[in-house]
**Student:** 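The structure's right below; bear with me while I get my questions together.
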Amino acid sequence: MLTINNLSKRFGKVVAVNGMSLRVGRGETIVLMGPSGCGKSTTIRMINRLIEPDAGRIIFAGHDIISLGDEALRHTRKRIGFVFQQFNLIGRLTALENVMLGLVMGGMVKEAAYEKALSAMEKVGLVKFRDQKPSELSGGQQQRVGIARALAFEPELMLWDEPTASLDPMLVREVLVVMEELAKYRASTMLVVTHELPFALHVADRIVLMDKGQVVEEGIPAKVFVKPASDIGQRYKELIEYQMNTSALTLAGQRIA
Amino acid sequence: MKFIKRLLRDSFERDIVILMIVSIFVGSMLASSVSLTANAYFSKTLANIVGDYGEFDLIISVREEMKDDAVIQIQKIIDDAFPGAKLKEGPTLTGKTSFFVALPDQYKTKKIYEDLGKTFGSIPGGAGIGFMTEPRITVRGVPDGAKNMLMDNIAQMEGVRFAFRDGGSIGVLLTSLDKATAVNSAVQHLLKQYQVIEISFPVGSEPSNPIRLGETIADDMRQELKLNFAQNVSIDGKNDDMTYAVSTMMELRRFLGAYASEVTVTPAQGIVLHKGDQAIFQGAASDVPSAGQAVVQGNVVVEITEIGADGKGRGVITHGDAGQLMASAGYRLEKNLIGEPIGTVSYRNPRRELGNALNETSKLVAQIPGFAQDARNISNIGLGVLDNYNSGMAAIEKTLGDVQSAGNIIQTSTAGLADIDTSSLQSQIDSSSRAMGGLIGTLEVLKLVQADTGGPLESLSLTQRNLNNLKSTLAALDSAAANARKARLAIDQVVASANSTMGTLRAFDSNGARSSLTDTNNRLDELSKINVPLVTTQLGYMAAAAPNLKDEDISHTVQILDKFIAGQVIPGERIQILTTSNINTNAVAPIIFRQVGHENVALYSTALGVIEPNARGELYRVLGEVKAILAGLTAIVVTAVFLVFDHTAVMSVMRRRRKVGVVKKTGYLAALKRFVTGLAVAEKKYGMAVGAIMLTAMFIFAGGGIPYLPWIGVPVLGAFIGLVIAGACEKISPVAAEEVVAGEALGMSFDEIMREIVIPASRPGLFQKLNIRKMKFR
Ligand SMILES: Nc1ncnc2c1ncn2[C@@H]1O[C@H](COP(=O)(O)OP(=O)(O)OP(=O)(O)O)[C@@H](O)[C@H]1O
Ligand SMILES: [Mg+2]
């Protein structure tokens with residue numbers, strides 16, 4: 001589905017990503033974690049070339065992303081949903097229009113796009129807010145619109161760049177619920193950058209830990225967080241134990257550590 | 001290439017091009033209307049008073065009370081001479097009504113303009129005609145005679161349609177207003193190359209013939225000062241022939257006047273004479289005039305022309321001739337009837353004096369061969385003596401005696417010759433000859449005036465030629481006498497000093513004396529060749545003919561001449577000489593004083609002409625400038641506004657795209673490099689190009705113009721405005737980067753992102769309005 005090979009990116013002297021490699025299978029949900037500045041966002045943005053890689057290969061559904069021309073790239077981007085930390089909604093458009101935008105631009109007639117957008121809004125439970133402008137919605141609602149916008153394409157791959165990081169803790173849940181639902185039906189492959197440990201533990205098929213632009217460890221959550229092989233993994237394990245001691249950490253009624 | 005391809009498609013680049021075209025159109029309209037509004041406001045105020053600039057060509061002022069008749073007449077003239085011309089009544093000021101006439105273009109010619117005075121001459125109550133055609137400049141103060149030269153030169157200039165006489169000035173019509181400055185300075189330059197030297201005569205010392213005097217002075221200036229150009233411009237050169245005819249007549253009149261008898265009437269007791277009084281004398285009539293009777297054949301009539309301080313009247317004979325004045329008693333003549341006794345008459349007849357002089361001359365001429373022979377003999381003796389003188393110093397003593405006696409002989413025998421005052425004889429002959437020339441002229445004119453006064457013109461001319469021969473022969477005689485005197489003096493000297501010193505004797509230039517004497521002989525030979533009988537006959541004839549010219553003929557002719565001359569305007573108080581400006585009046589003064597004959601004249605140099613400030617033209621030129629400035633300023637403001645409202649968003653996007661991935665370097669060298677390369681970054685290049693194109697186009701379309709801003713400065717200024725705005729683009733129109741990224745992530749193209757995301761979110765301007773057509777989500 002997605003193969004990343006030896007991907008690198010530097011910004012001037014800063015090496016953001018340094019020979020990163022990763023394989024993602026169809027329908028998999030991968031959670032990408034790592035300390036701040038380790039290159040997660042850069043990596044995930046290079047997959048649909050919002051950032052141009054310096055070196056390496058990205059094969060998506062059999063296509064070499066990096067060698068794609070303008071037209072083909074735009075076409076490929078429509079197959080990859082992207083959810084932003086800052087929601088990145090178009091302020092002048094209503095919630096529904098935000099969702100429709102990509103579809104209409106992709107050449108779909110407005111009526112069909114409307115239907116599609118409406119069903120995407122339904123999935124995130126926002127139909128009745130469809131005519132609201134982003135500024136009239138709460139952060140959680142805005143992010144759900146962002147998710148609906150990505151979903152509307154019925155993308156084969158969804159990229160999430162810390163979708164809950166800008167949210168009020170009280171609003172995080174409604175977004176996570178939507179994400180969990182999506183992962184459950186495995187409609188699309190998901191590559192999620194998040195610091196939500198419960199989500200990682202509970203929903204991820206695989207955890208990938210990054211540091212200094214490289215993958216340092218990967219594996220099923222139980223392995224990575226229980227018997228970590230890397231320093232970073234060890235630090236996540238300690239973080240989980242700390243959280244467990246301060247408040248019983250359960251997810252979906254089950255104690256995990 | 002790629003850009004052009006994109007332009008042909010429905011691309012965002014094409015949106016920008018369309019936007020710029022619309023911006024330029026809107027901006028030009030705005031700039032034009034602002035400037036036109038201001039211009040219209042000001043020119044309306046002006047036009048109310050004097051009509052639109054260049055709208056009318058003529059202004060005809062007529063007396064207010066005649067204006068109804070005048071307008072009919074003007075309309076008639078226009079219909080006849082200038083079909084298609086427009087007539088409009090203008091304001092009435094101080095009792096005069098103005099009519100404005102606009103002439104169709106084909107009637108704007110030099111000839112028509114110069115004849116306009118005549119063309120409209122018949123208008124009742126006509127008070128004057130003036131020119132209003134614009135653009136035009138006027139050169140004032142040009143002397144009449146220099147006008148043609150100046151007009152010819154000006155007509156050659158670039159931007160001049162034609163030059164014409166406008167009363168005392170020269171009007172110059174231009175092809176267009178923007179040529180005014182160039183033509184102005186070209187005319188200025190031309191005027192500077194010349195000066196007019198004015199010779200002013202105080203009242204009473206006016207020259208009798210200013211035309212001839214002016215010509216002579218100009219000729220002398222050319223010859224003596226080696227000037228390329230000196231011309232009498234006191235009178236209009238176009239009337240050359242007439243002027244010279246008048247000049248000749250004046251000369252003739254002067255000559256005739258000089259030979260008219262001068263009659264003096266001494267008033268009788270109790271009689272007061274007045275100018276214009278007529279007196280009658282018996283003359284050749286058989287009877288003494290008696291009161292109540294009419295003038296009869298033979299009477300002499302005198303008209304008093306001048307009253308002297310002593311009360312005596314001086315006058316001319318209008319009937320008869322001075323030769324007939326026998327009895328001196330005169331009577332008043334009133335309405336052709338004889339009245340009371342008026343006084344006595346005396347006269348001087350210059351013609352008789354001339355006759356006498358001629359008689360004297362002929363007598364002298366008869367003696368010339370005798371003188372010549374005497375002189376010849378004597379000089380031969382002298383030569384012989386000189387031959388002996390040379391034989392040797394030993395013979396000196398003896399020779400001395402001979403010389404002495406020879407000297408004595410010379411002395412005695414040349415005395416007669418030396419006493420002849422040949423110079424007075426020569427001047428006599430000279431003046432006789434000149435007088436004869438005058439007479440010939442007079443007779444010629446008389447022949448014109450009165451066919452029967454033919455006279456023996458031909459023989460007079462012949463006589464004059466002979467007289468001239470005689471004059472040159474007399475000159476020979478003169479030098480013969482002089483040489484004789486010289487020889488004699490030499491001998492006297494020799495003799496006087498011989499006894500005291502031999503040195504003086506040796507110093508005696510015998511060869512010099514000999515050659516003097518030989519010379520004398522040669523001249524005497526010539527003198528003896530005079531055809532004495534012929535000359536004397538001719539002189540005698542002349543002497544007899546001169547007095548035959550009658551006083552009445554003279555005064556009659558003078559009257560005819562006066563009548564003619566009086567009709568001609570010849571300024572006498574001032575002579576104007578046009579010359580190049582490189583000569584000083586001081587250098588010319590000696591020539592002028594010599595020709596005028598006295599120094600009682602004022603000399604000054606004046607300009608050939610001055611360009612009259614054309615107040616209305618200036619006003620309109622300034623208005624035009626204001627209009628252009630307003631258009632220019634509006635264009636600048638509009639360009640800035642359009643850049644700010646329409647293009648900052650585009651520039652911000654360019655800046656964003658450029659910034660992605662660029663890390664700032666520090667250090668002042670890097671800062672310098674950033675500044676230089678900074679000018680070439682996308683959004684600044686874009687801003688400069690858009691600014692330059694828009695401002696330049698608007699300047700062109702709206703007719704903008706800013707003083708001291710050269711044309712190349714316009715795109716530069718536009719680019720500068722663009723650059724400044726590009727520098728602040730993100731502050732003016734911040735671009736929501738995350739929205740752009742979202743668009744990219746959604747697979748939207750650059751065009752789509754600009755049209756759907758960036759432009760709708762940017763500042764509300766023309767671009768946003770135009771963009772609405774292109775938006776899928778409105
Ligand atoms: N546009 C950019 N220009 C310059 N440096 C950048 C840019 N984007 C990222 N970086 C740098 O690259 C490195 C990796 O950044 P990145 O955003 O990928 O980290 P991250 O893992 O997403 O961190 P975080 O958890 O804080 O989001 C960082 O040091 C960051 O400062
Ligand atoms: Mg990040």
Side-chain angles (χ1 to χ4, degrees), chain A residues 9-14 16 42 44-45 47-52 54 70-94 96-110 113 134 145-146 149-150 152-153 155 158-159 161 166, chain B residues 2-3 5-6 9-13 649 652-653 656-667 670 673-674 733-765 767-769 771-772 774-778:
Chain A
K9 177 71 185 180
R10 34 194 308 157
F11 297 105
K13 282 182 186 148
V14 179
T42 306
I44 204 171
R45 279 169 183 249
I47 292 169
N48 68 351
R49 272 175 57 193
L50 292 177
I51 293 174
E52 291 291 342
D54 291 343
D70 246 26
E71 194 81 15
L73 172 63
R74 274 189 275 128
H75 194 257
T76 305
R77 279 173 174 170
K78 292 188 168 94
R79 298 167 64 185
I80 303 174
F82 202 108
V83 180
F84 298 92
Q85 178 180 345
Q86 303 293 341
F87 328 136
N88 293 25
L89 297 181
I90 311 301
R92 74 171 183 97
L93 300 178
T94 63
L96 190 69
E97 283 171 339
N98 262 285
V99 181
M100 282 170 73
L101 178 65
L103 298 171
V104 173
M105 289 300 135
M108 195 179 281
V109 292
K110 265 198 165 172
V145 173
R149 182 171 68 181
F153 280 113
M158 278 187 82
L159 303 173
D161 192 1
S166 321
Chain B
K2 202 176 131 207
F3 179 73
K5 253 189 213 151
R6 287 194 52 99
R9 282 211 329 251
D10 178 21
S11 63
F12 183 69
E13 280 87 338
S652 292
V653 171
R656 270 279 138 168
R657 297 186 127 202
R658 175 170 72 78
K659 284 280 176 190
V660 170
V662 173
V663 179
K664 276 194 180 168
K665 291 199 180 96
T666 49
K673 201 174 160 196
R674 263 209 314 281
S733 277
V735 158
E738 61 285 3
E739 292 189 11
V740 173
V741 171
E744 284 178 349
L746 287 172
M748 287 165 71
S749 66
F750 171 72
D751 295 0
E752 289 164 350
I753 292 173
M754 294 309 288
R755 288 173 179 172
E756 297 292 339
I757 299 175
V758 176
I759 301 305
S762 73
R763 291 188 171 268
F767 205 1
Q768 236 184 38
K769 295 268 149 6
N771 188 60
I772 288 172
K774 300 287 181 186
M775 282 159 63
K776 295 233 163 77
F777 292 89
R778 307 214 164 145

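Only heavy atoms go into these numbers, but all of them, side chains included; no hydrogens, no water, no symmetry mates. In the text below, chain A, chain B and the rest are named by the order of the sequence lines, each starting its count at 1. The structure displayed is predicted, hence computed values, not measured ones.
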**Student:** Do you know which two heavy atoms are closest between B:Phe777 and A:Lys110, and how far apart they sit?
**Tutor:**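 In this case the closest contact between B:Phe777 and A:Lys110 is CE2-CE, 4.2 Å.
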**Student:** What residue, out of A:Leu89, A:Asn48, A:Leu101, has the most heavy-atom pairs lying under 4.5 Å from chain B?
**Tutor:**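 Maximum pair count with chain B is reached by A:Leu101.
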**Student:** Could you give the distance from CE (B:Met775) to CZ (A:Arg92), rounded to the nearest 0.5 Å?
**Tutor:**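 B:Met775 CE to A:Arg92 CZ: 3.5 Å, rounded to 0.5 Å.
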**Student:** Against chain B, label A:Gln86 side chain, backbone, both or neither, depending on which of its atoms sit under 4.5 Å from a heavy atom there.
**Tutor:**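 Neither the backbone nor the side chain of A:Gln86 comes within 4.5 Å of chain B.
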**Student:** Are there residues of residues 755-763 of chain B that reach to under 4.5 Å of chain A by heavy atoms, and which ones?
**Tutor:**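 So the qualifying residues are B:Glu756, B:Ile757, B:Pro760.
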**Student:** When only heavy atoms count and the cut-off is under 4.5 Å, which of residues 742-749 of chain B reach chain A?
**Tutor:**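 So far as heavy atoms go, B:Ala742, B:Glu744, B:Ala745, B:Leu746, B:Gly747, B:Met748, B:Ser749 are the residues that approach chain A to under 4.5 Å.
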**Student:** Taking side chain as everything from C-beta outward and backbone as N, CA, C, O, which of these in A:Ile90 sits under 4.5 Å from a heavy atom of chain B? Side chain, backbone, both or neither.
**Tutor:**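 Both parts, backbone and side chain.
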**Student:** My understanding is that only residues two or more places apart in sequence, or in another chain, count here; which of them pass side chain to side chain contact (heavy atoms under 4.5 Å, CB included) with A:Leu73?
**Tutor:**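 Scan of A:Leu73 (side chain to side chain contact (heavy atoms under 4.5 Å, CB included), adjacent residues dropped) gives A:Arg49, A:Leu68, A:Arg77.
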**Student:** Could you list the residues that satisfy salt bridge (charged side-chain N to carboxylate O under 4.0 Å, His left out) with A:Lys78, not counting sequence neighbours?
**Tutor:**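 If we apply the salt bridge (charged side-chain N to carboxylate O under 4.0 Å, His left out) test to A:Lys78, skipping adjacent residues, there are no hits.
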**Student:** Can you say whether A:Phe153 sits under 4.5 Å from chain B via the side chain, the backbone, both, or neither, judging by heavy atoms?
**Tutor:**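 Contact with chain B is through the side chain of A:Phe153 alone.
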